[in-house]
Amino acid sequence: MNGTKTHNRKKIVTVFFCISLVMVLLAGRLFYLMVFQSEFYSAKAQNLHERERDIKAARGKILDVNGKVLASNRSVCTISVIHSQIKEPEKVIQVLAKELELDEETVRKRVEKVSSIERVRSNVSKEIGDRIRDHKLAGVKVDEDYKRYYPYDSLASKVLGFTGGDNQGIIGLEVIYDEKMMGKNGKILTLTDARGVELENAGESRLNPVDGNNLRISLDYNIQMYAQQAAEKVMQSKEADSVSVVIMKPSNGEIMAMVNLPEFNLNEPYTLPEGTDYASEEEKQNLLNQMWRNGCINDTYEPGSTFKVITASAALEAGVVSLNDNFFCPGYKIVEDRRIRCARTSGHGAQSFVQGLENSCNPVFIELGMRLGAQEYYKYFKQFGLLSKTGIDLPGEARTIMHDKKNIGQVELATISFGQSFQITPVQLATTISSLINGGKRVTPHFGVQIEDQEGKPVEVFAYEPTEQILSPETSSTMRSLLEKVVSEGGGSKAYIEGYEIGGKTATSQTLPRSAHRYISSFMCFAPADDPQVLCLVIINNPSGVYYGGTIAAPVAKELFLNILPYLGIEKDPEVVRKEQMEKEKKQTQQE
């Protein structure tokens, strides 16, 4: 009996001890949480009773080289509803459906959805947002937002690019420099009770947004306008499929204009041209992707005779030809079992190397290719940068499509030498020729100049210094002189402007399949010839009627230079004017 009592007493003591120990541990834990973790749990409790809404930051502007705004922002509103705060659901549905031009069923689903906050519509004009705010509907929030706005609609559309609904870049410069132009969103914090209803008189706390930085680019609004208008004119008159224009500084690779007709409206980037048919959303997206393509960098083409500038530069640099070398053109050249024709089927007859370039004679350049040989010629492809991308600051740049060295036989070597049987991007061609005429230094084509804060102070300056020497200064000087004769005395005469020395090269190439008889007319030119300040490449795809580059593309370049050269302050050369005057007087005397 006594043993049983003693055992029960021990059990009671053990239970009491355990309970006491648990109480001590709980008290210790409570003390720890209240003293050492009070801030953490206080903040957590606060968060449970806070509702957070973004205050959108303004995206940085895109400015042209002179500070003209090419991309900015317009104030818009985002309309949202908070289910727990709505007091008059039917009135809210009616007002929002009317003001936002939405069907009542769509609005009802969002109003009746039980969530902390439900977006009804974004990118609402400020005028409509203000009207909704004036109704003072409980549970309806009207928050300021920004929508990207392009003041010149289609100007340089495939260069600038556009942004999506979240204001992030989709294509073009908008996506390449997205992080530089994005700001940091602010926040509105409101206190709520356990049901999610905002507490009266609790006020709001705000974390202000930080606007994004501006991007200044090398593109010049006025030069872009000149180029776009000239391209539109020839596209309409020649009923061409498309027209591309690249205008750049050969000395440093800055691009002053880039046209890709047809352009599209940046403020309505998802609107296809009238009359466009598509059967599915996938087909529509494919059409949009095609509409957004920048042909100057995303697409390749056979350059034709403009590539003879590269062949001539390589041949002169390698020492396989001199200015005094003589050639004979019967109108074709036999290579293995192939008869490769000259553009002039009757032949140019006996001519010097200089005349061969002026006449754009295929047999002369086939001979240069043969003299170089595949091994040596390929070495210059690599040296000139043709086998790698240019590094332009736009997305989706394509590479040159060139034969593997081991697959270049005599026929391939012959056709490559005058610009056929391979493909290149327009920007690669413009960059390579710029590098060959600027003293021989490879440049990187680019638009980005610097990032600026909202006050216009530079935050980051981009450096694109010319890289390696790809051609000797002596050969570069010779090429400038030869190409000047192409315009003053040869096939590029339709680009001649009195008082200026202009270098250039014409081209007419055929697309595949050859049986389709579709042509690409192009012309490359630069001025002044002795110190190139500006280079222009014009490409006209599938023109109707006459399709020769010297006939239809060269006049476009001339029209551009008539505007651009005076605009850039490049004046007529007094010595050139004097020589021209003397030549006129001499001809007049001979006629008398």
How long is the gap from [atom1] on [X] to [atom2] on [Y], to the nearest 0.5 Å?
| X | Y | atom1 | atom2 | answer |
| --- | --- | --- | --- | --- |
| D573 | E498 | CG | CD | 13.5 Å |
| I451 | N214 | CD1 | CG | 8.5 Å |
| E302 | T508 | CD | OG1 | 12.5 Å |
| I171 | W292 | CD1 | CH2 | 7.0 Å |

Given 3.5 Å as the limit, does a donor-acceptor pair link the side chain of [X] with the main chain of [Y], or not?
| X | Y | result |
| --- | --- | --- |
| T425 | Q428 | yes |
| K308 | S360 | yes |
| K238 | V546 | yes |
| S521 | A553 | no |

Run the ring-centre check on F447 versus Y177 and record whether the distance is less than 6.0 Å.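 That pair fails the under 6.0 Å test.
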
Compute the ring centroids of Y380 and Y377, then answer whether they are less than 6.0 Å apart. no

Counting only heavy atoms not in [X], do more than 12 sit closer than 6.0 Å to its [atom1] atom?
| X | atom1 | answer |
| --- | --- | --- |
| Y548 | OH | no |
| K389 | NZ | yes |
| E460 | CD | yes |

Checking N541 against D241 for the side-chain hydrogen bond (donor to acceptor under 3.5 Å, both in side chains) test, could you report, in this order, the C-alpha distance in whole Å, the side-chain angles of both residues, the deciding distance, and whether it holds? CA-CA 6 Å; N541 285 296; D241 289 348; over 6 Å; no

Show your reasoning for whether salt bridge (Lys or Arg N to Asp or Glu O under 4.0 Å) applies to E468 and K382. CA-CA 12 Å; E468 70 273 15; K382 187 172 183 180; over 6 Å; no

Can a salt bridge be assigned to the pair E484 and R480 using a cut-off of 4.0 Å between side-chain N and carboxylate O? no

Going by an N to O cut-off under 4.0 Å, is there a salt bridge joining K485 and E358?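 Looking at K485 and E358, the cut-off is not met.
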
Any idea how F353 and F365 line up, ring-wise: parallel (<30°), tilted (30 to 60°), or perpendicular (>60°)?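 Correct class here is tilted.
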
Could you check V246, V65, I223, N222 and say which one makes a side chain to side chain contact (heavy atoms under 4.5 Å, CB included) with M256?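 Among the candidates, only I223 passes.
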
Determine whether [X] and [Y] make a side-chain contact, defined as any pair of heavy atoms from C-beta on separated by less than 4.5 Å.
| X | Y | result |
| --- | --- | --- |
| N359 | V364 | no |
| F327 | L368 | yes |
| T511 | N542 | no |
| H446 | F462 | no |

Without hydrogens or angle criteria, can the side chains of E263 and S157 be said to hold a donor-acceptor pair below 3.5 Å? yes

Are a donor atom and an acceptor atom from the side chains of T475 and E317 found within less than 3.5 Å of each other?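 Distance-only check passes for T475 and E317.
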
Listed by chain and number, what are the salt bridge (charged side-chain N to carboxylate O under 4.0 Å, His left out) partners of E239, not counting sequence neighbours? none

